[in-house]
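One structure is given below, encoded as structure tokens.
Just so we're on the same page: letters track the sequence lines, and every chain starts at 1.
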Amino acid sequence: MAVALLTDFGTRDYFVGVMKGVILSINPRAQIVDITHDIPPQDVLTGAFVLKAAYRWFPPRTVFVAVVDPGVGTERAPLIVKTRHYYFVGPDNGLLSPAAEEDGVEEVYHITTRLPETSRTFHGRDVFAPAAAYLSLGIEPRMLGVPATSWRRLELPKARLEGGVIHARVIYVDRFGNVYTSARDEVEKVASLGDVLCVETPRGAIKAKYVETYGKASPGDTVALINSEGYLELAVVMGSAAATHGLKPGDEVKIKKCDDLRTEEV
Amino acid sequence: MAVALLTDFGTRDYFVGVMKGVILSINPRAQIVDITHDIPPQDVLTGAFVLKAAYRWFPPRTVFVAVVDPGVGTERAPLIVKTRHYYFVGPDNGLLSPAAEEDGVEEVYHITTRLPETSRTFHGRDVFAPAAAYLSLGIEPRMLGVPATSWRRLELPKARLEGGVIHARVIYVDRFGNVYTSARDEVEKVASLGDVLCVETPRGAIKAKYVETYGKASPGDTVALINSEGYLELAVVMGSAAATHGLKPGDEVKIKKCDDLRTEEV
Amino acid sequence: MAVALLTDFGTRDYFVGVMKGVILSINPRAQIVDITHDIPPQDVLTGAFVLKAAYRWFPPRTVFVAVVDPGVGTERAPLIVKTRHYYFVGPDNGLLSPAAEEDGVEEVYHITTRLPETSRTFHGRDVFAPAAAYLSLGIEPRMLGVPATSWRRLELPKARLEGGVIHARVIYVDRFGNVYTSARDEVEKVASLGDVLCVETPRGAIKAKYVETYGKASPGDTVALINSEGYLELAVVMGSAAATHGLKPGDEVKIKKCDDLRTEEV
């Protein structure tokens with residue numbers, strides 16, 4: 001059974017290696033897969049976004065271990081969330097909720113099982129890794145914890161359409177500098193493929209052709225397209241939209257169709 | 001069966017995780033191995049070099065998935081290249097060709113199989129990962145695509161020997177700052193171990209002792225040696241030749257034996 | 001059987017991929033796990049520290065391959081160290097010794113087996129990877145090398161308590177900027193939880209509350225705590241102690257209880 005890891009631990013320390021060692025000590029046949037360990041430190045929102053983008057491509061019964069936890073060491077309960085197809089293991093800070101709720105939450109547990117030698121500061125090793133490894137062996141969550149009466153949710157930012165203008169936020173910037181906004185199918189209501197979008201940002205105004213794919217534009221052009229995750233993305237062909245336009249997660253953007261402008265006239 | 005991945009996706013986003021999820025959804029027993037995901041964005045030549053340096057050390061029948069694709073979203077056909085010992089899966093932009101041609105190309109296919117839910121911008125997930133996973137299960141490439149009548153090749157830079165001078169290029173700089181030139185056995189024709197090489201670069205002239213191994217020189221020395229891949233490499237012992245001498249991929253270098261200089265006199 | 005890798009090779013080149021290819025060519029069922037490949041180049045001490053922090057969480061009979069080797073290409077012998085529970089494979093430069101000696105050394109061998117095609121500069125591929133793969137198949141070390149009469153040890157820095165002052169060094173800085181000092185249970189002799197520690201560093205004096213966990217302090221506070229590895233760690237809650245206080249590995253620090261100060265008065 002696959003155990004997929006997502007953390008903000010980075011890959012230069014021993015943290016991830018130790019978690020894998022613990023998992024293999026319990027289930028030597030686990031298929032351990034890294035989603036990423038480079039979530040920005042303590043950035044729960046980005047962690048939740050990446051987990052939600054990734055989880056549904058994994059086989060049913062995959063156990064996801066997600067650890068981005070600014071509050072480690074506090075009284076926060078570690079969770080197992082059993083969903084329609086998967087198990088999610090991680091801190092009770094909202095990190096698991098966008099993915100788990102999309103898949104359909106069935107049961108939520110507070111993990112009570114711990115490694116015998118438990119430190120106060122490394123839950124990934126002492127709590128999350130063993131719970132995930134036991135789940136990957138087919139052991140029921142009720143053997144590992146107690147039902148939770150409530151847990152913390154987190155909602156990813158959504159866009160709002162008002163008078164032909166989409167009020168959105170930058171929710172993610174990927175390795176290529178592509179800028180994901182929170183706008184999704186609102187775009188279809190204000191523009192059609194081939195239109196030019198006018199995007200107001202904290203660092204100035206951008207014009208972006210609304211295209212189907214990168215391939216429809218020339219190097220250096222700023223384009224807007226619905227990306228593989230269904231978000232309206234700003235991209236610079238063969239370049240970085242984030243660097244070119246100074247955009248970063250959290251920025252507010254207002255998106256509308258430029259008045260009567262078509263690609264030909266830009 | 002092993003599935004080895006090489007991309008320019010980086011490891012901070014969900015891209016690689018999603019590809020692995022798709023592979024495991026089709027072949028839960030796949031041995032997934034990362035070669036690297038840190039090819040410089042859209043640098044096909046470096047990707048081709050690294051793939052060629054790595055592939056032959058893997059077991060026969062390994063499936064290589066290589067994705068470095070500045071033209072994603074264009075009409076470029078996704079390929080399966082069956083070689084004497086391996087399968088190579090990736091875009092038709094030359095990335096696969098230096099490795100595949102060295103191993104001996106047997107058949108080339110355009111992949112027609114796709115995941116049911118296909119986006120226009122993530123071929124790694126929707127086309128390459130599933131094709132690789134099916135191949136790793138032993139499914140024949142003709143079940144996944146149609147024979148290609150032609151495909152794009154890319155040639156790695158070669159050196160040229162003219163009047164005792166090797167005209168070469170920097171083709172790679174590794175993590176330690178070692179500088180790989182395109183010179184190979186031409187060196188034996190102009191110098192012997194112990195000679196001093198004079199290297200003309202865009203940023204000035206370098207003198208480098210031609211040695212057998214790093215261990216034969218002192219910290220801080222610039223040396224030249226035939227490296228584990230068979231290329232003439234410039235290295236600074238316990239330092240970075242790239243930083244010390246300002247060298248980067250693409251730079252032209254002229255290499256010759258320094259006139260009548262021997263190590264003793266430098 | 002698990003084969004766990006720790007190197008300073010980074011993940012952007014082909015080095016690690018090639019080692020994995022060699023391992024799978026010998027043992028296609030090996031469970032290959034990355035501890036890290038981002039040990040600072042040629043920093044044997046940090047490599048030894050990370051290996052020691054990680055190894056004991058892996059299942060018995062795991063084979064560790066550790067390669068951080070400033071002297072590659074010299075006459076240094078490659079080693080297999082058989083300990084009570086594990087095998088350690090790597091260069092004879094002290095890298096393996098803190099972990100191996102903690103677990104209990106049973107036998108030490110010089111590896112004589114090599115891949116048929118052997119380069120002078122890539123022992124990871126030609127010597128260490130094959131030896132590890134054979135060990136992971138259950139082959140005895142005496143089939144792979146000859147008993148070593150001696151090998152090089154390396155001792156991690158220790159702290160010294162003198163007149164109520166702990167003389168220690170920074171031995172590690174993790175991805176979060178947490179600063180590990182070499183102080184361990186000496187702390188209990190000079191302070192109790194709730195006390196304020198006065199830490200003299202090369203860049204000035206620090207006051208740090210001695211706490212049980214991060215959760216007991218406010219964002220921005222500098223705290224001192226015994227971390228998951230048993231070291232006295234300086235941490236800035238929701239921040240980086242290394243950046244805030246300009247600390248790096250090797251720095252000398254003097255730690256004592258601040259005179260009659262208690263948390264309440266700071």
Judged by atom type as modelled, is there a donor-acceptor pair below 3.5 Å linking the side chain of [X] to the main-chain atoms of [Y]?
X: Arg175(A); Y: Asp8(B); result: yes
X: Thr11(B); Y: Thr36(A); result: no
X: Ser25(B); Y: Trp57(A); result: yes
X: Gln42(B); Y: Gly239(A); result: no

Next on the checklist: For a quick test of reading the model, state the closest non-hydrogen atom pair linking Val33(A) to Leu24(B) and the distance between them.
Outcome noted: CG2-CD1, 3.4 Å
Proximity breakdown for [X] and chain A, heavy-atom pairs closer than 4.5 Å:
X: Pro41(B); answer: both
X: Phe9(B); answer: both
X: Val22(B); answer: both
X: Ala129(B); answer: neither

Sort [X] into side chain, backbone, both or neither according to what part of it lies under 4.5 angstrom from a heavy atom of chain B.
X: Ala53(A); value: both
X: Val50(A); value: both
X: Phe49(A); value: side chain
X: Arg29(A); value: neither

Checklist entry - Take atom CZ in Arg153(A); do more than 12 heavy atoms of anything else shown fall under 6.0 Å from it? => result yes
